[in-house]
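Notes for the one structure printed next.
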Amino acid sequence: MDVLKKLNELKKNNNWTNYRIAKEAGLSPATVKNVFERKTIPRVDTLEAICKAFGITLAQFFHEDERYVFLNDSQFELFELWECLPAYKGL
């Protein structure tokens with residue numbers, strides 16, 4: 001997987017600037033500049049912060065299948081409750 005390519009796609013698809021990414025991710029503008037302009041592969045903690053800013057997890061970032069789902073907090077809570085339900089045995 002091309003990490004830099006994927007980051008640039010996220011940046012373009014969200015129409016964000018380097019400054020916006022830095023602000024949303026809680027990173028210094030210099031760190032973000034290194035990633036996007038100097039083509040430096042980010043450390044895991046930096047990549048995680050950028051992913052979080054875009055509203056995705058590292059797992060979603062590295063998932064190469066296009067069929068993944070993003071859940072908001074209330075959807076995730078509902079899914080967790082659904083998982084706790086006992087299995088239906090039928091009549």
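Values below: all heavy atoms of this structure, side chains included; hydrogens, waters and symmetry mates excluded.
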Report task. Check the surroundings of atom CG in N72: do more than 12 heavy atoms from other residues, nucleotides or ligands lie under 6.0 Å from it? Result -> yes
Report task. Count the heavy atoms belonging to other residues, nucleotides or ligands that lie under 6.0 Å from CD of E77, then report whether that count exceeds 12. Result -> no
Quick check: closest heavy atoms across [X] and [Y], and the distance to 0.1 Å?
{"X": "A49", "Y": "A25", "value": "O-CB, 3.5 Å"}
{"X": "K5", "Y": "D2", "value": "N-OD1, 3.1 Å"}
{"X": "E37", "Y": "N18", "value": "OE2-ND2, 3.1 Å"}
{"X": "V35", "Y": "L4", "value": "O-CD2, 3.7 Å"}

**Report entry** S28: partners by side chain to side chain donor-acceptor pair (under 3.5 Å), with sequence neighbours left out
**Finding:** T31
Query raised in the report: Is I21 close to F54 at the side-chain level, that is, under 4.5 Å between some pair of heavy atoms?
Result: yes
Report task. Using atom types as modelled and distance alone, determine if a side-chain donor or acceptor of K6 lies under 3.5 Å from a backbone N or O of F61. Result -> yes
Value rounded to 0.5 Å, distance of [atom1] in [X] from [atom2] in [Y]:
{"X": "K39", "Y": "L7", "atom1": "NZ", "atom2": "CG", "answer": "10.5 Å"}
{"X": "T46", "Y": "I41", "atom1": "OG1", "atom2": "CD1", "answer": "12.0 Å"}
{"X": "I50", "Y": "E48", "atom1": "CD1", "atom2": "CD", "answer": "11.0 Å"}

Query raised in the report: What residues, two or more places apart in sequence or in another chain, satisfy salt bridge (Lys or Arg N to Asp or Glu O under 4.0 Å) together with E24?
Result: R20
Report task. Report the residues that fulfil salt bridge (Lys or Arg N to Asp or Glu O under 4.0 Å) with D73, sequence neighbours left out, ordered by chain and then residue number. Result -> none
Query raised in the report: Mind checking whether F76 and L81 sit in one hydrophobic cluster, side chains of I, L, V, M, F, W, Y counted as touching below 4.5 Å?
Result: no
Requested in this report: Identify whether L58 and I56 are in the same connected component of the hydrophobic contact network (ILVMFWY, side-chain heavy atoms under 4.5 Å).
Outcome: yes
